[in-house]
Q: 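The structure follows.
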Amino acid sequence: MTQAPATRPFARIARISRLARALTAACAVWIVGATLWHWAHPARVAENAHLIWGADFGDFSAAQLAAGFASALLPAGAGLGALYCLWRLFGVFLSGRVFQVEPALWLRRAGFFLIAAAACAVLDNSLEATILSLNLGVGHRLLAIGFPPLFFFGLLAGTIAIAMAEVFIAAAEMAEDHAAIV
Amino acid sequence: MPIIVNLDVMLAKRKMRSRDLAARIGIAEQNLSLLKSGKVKGVRFDTLEKICAELDCQPGDLLEFRPEEPGGG
């Protein structure tokens, strides 16, 4: 049996929304898991730091690891914020409210969180370099400003999300006007 | 709003119920009710044409322009 033309696009949107929500949840688990897994092993932190900044950091103190972990929570937190907004966005789509302002607002919030995550990633990069090199002697400590590979992607994705949200808001207002014409 | 919808007057003249008109022209009774009360932003020519055909009237019998008095609510 074929579905009525009016309900077919919504069924497709619902299917995609379910998939997007599952991916969002998986991504959130991955962010939390990867951050914990990385910072739970000092040898891995040292290896990674050596790869990024090319210095031999030696052994880290517990305070350095705690501070580094706190710094890593900044982009992770912003990323989780973006994922939460996307989760809510697709939840609204799942409930059948598509051409409305509410999902557009969630998309816009997701965009702001993505940009914040990109900015926090740069800040985290600098903070980690400083924190992890504190145990080195004077003259060997690092003050790094680097742009992680996903920085520009995050910035672009966030900007696109905000722009699309503005388009959706305009579309929602047009749909509202259209609904008021009999 | 200075555009007054006189659909209820025409329905009374033709002794027709809103429900019957809605069914004949194929729009929801709720939408017809909104149109009757003037709580819509517009009317499609298509809808207007069907109403005029069913009620045997002109668009001018259904819609009236009544300018708002300056300073009046």
Side-chain angles (χ1 to χ4, degrees), chain A residues 1-18 20-21 85-86 88-112 160-182, chain B residues 1-68 72-73:
Chain A
M1 198 177 106
T2 56
Q3 284 177 300
T7 59
R8 206 182 301 141
F10 289 101
R12 198 164 57 232
I13 289 169
R15 273 199 306 275
I16 295 168
S17 296
R18 275 189 209 98
R21 280 192 122 193
C85 292
L86 291 173
R88 293 294 304 265
L89 165 72
F90 288 107
V92 175
F93 283 165
L94 261 179
S95 67
R97 286 170 287 154
V98 178
F99 299 115
Q100 293 187 11
V101 174
E102 190 189 356
L105 292 178
W106 282 114
L107 182 63
R108 188 161 67 181
R109 287 179 196 127
F112 283 125
I160 289 172
I162 292 169
M164 292 305 292
E166 294 301 330
V167 172
F168 285 171
I169 288 170
E173 286 168 357
M174 283 172 70
E176 199 177 299
D177 276 353
H178 185 74
I181 297 173
V182 295
Chain B
M1 197 166 135
I3 299 292
I4 310 297
V5 181
N6 290 322
L7 181 59
D8 49 350
V9 177
M10 282 311 296
L11 282 167
K13 280 182 183 171
R14 300 291 183 261
K15 294 183 174 55
M16 191 184 286
R17 289 185 303 177
S18 297
R19 184 180 298 180
D20 297 332
L21 179 64
R24 285 184 189 185
I25 65 173
I27 70 167
E29 199 183 340
Q30 190 188 1
N31 281 345
L32 194 69
S33 175
L34 287 171
L35 176 60
K36 256 180 20 175
S37 57
K39 290 176 183 170
V40 292
K41 286 189 177 175
V43 189
R44 290 190 186 89
F45 281 152
D46 180 50
T47 309
L48 197 57
E49 183 187 323
K50 287 175 184 169
I51 294 173
C52 288
E54 284 300 327
L55 297 180
D56 188 25
C57 64
Q58 293 297 315
D61 297 326
L62 299 169
L63 303 173
E64 179 190 344
F65 174 66
R66 206 179 290 167
E68 283 174 343

Q: Would you say R17(B) has more than 12 foreign heavy atoms packed within less than 6.0 Å of its CZ?
A: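 Atom CZ in R17(B) is not crowded, with 12 or fewer foreign heavy atoms closer than 6.0 Å.
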
Q: Between I181(A) and R44(B), which heavy-atom pair has the shortest distance, and what is it?
A: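 Minimum heavy-atom contact is O-NH1, 3.4 Å.
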
Q: Around atom CZ of R14(B), are there more than 12 heavy atoms of other residues, nucleotides or ligands at under 6.0 Å?
A: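 Yes.
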
Q: So which bits of residues 160-177 of chain A come within less than 4.5 Å of chain B, counting non-hydrogen atoms only?
A: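 Residues of residues 160-177 of chain A touching chain B at under 4.5 Å: D177(A).
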
Q: Within the supplied structure, the quantity of interest is the number of heavy atoms (other residues, nucleotides, ligands) at a distance under 6.0 Å from F65(B) CZ; does it exceed 12?
A: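 Result for CZ/F65(B): enclosed.
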
Q: Considering non-hydrogen atoms only, spot the tightest contact between V182(A) and V40(B) and give its length.
A: CG1-CG1, 3.7 Å

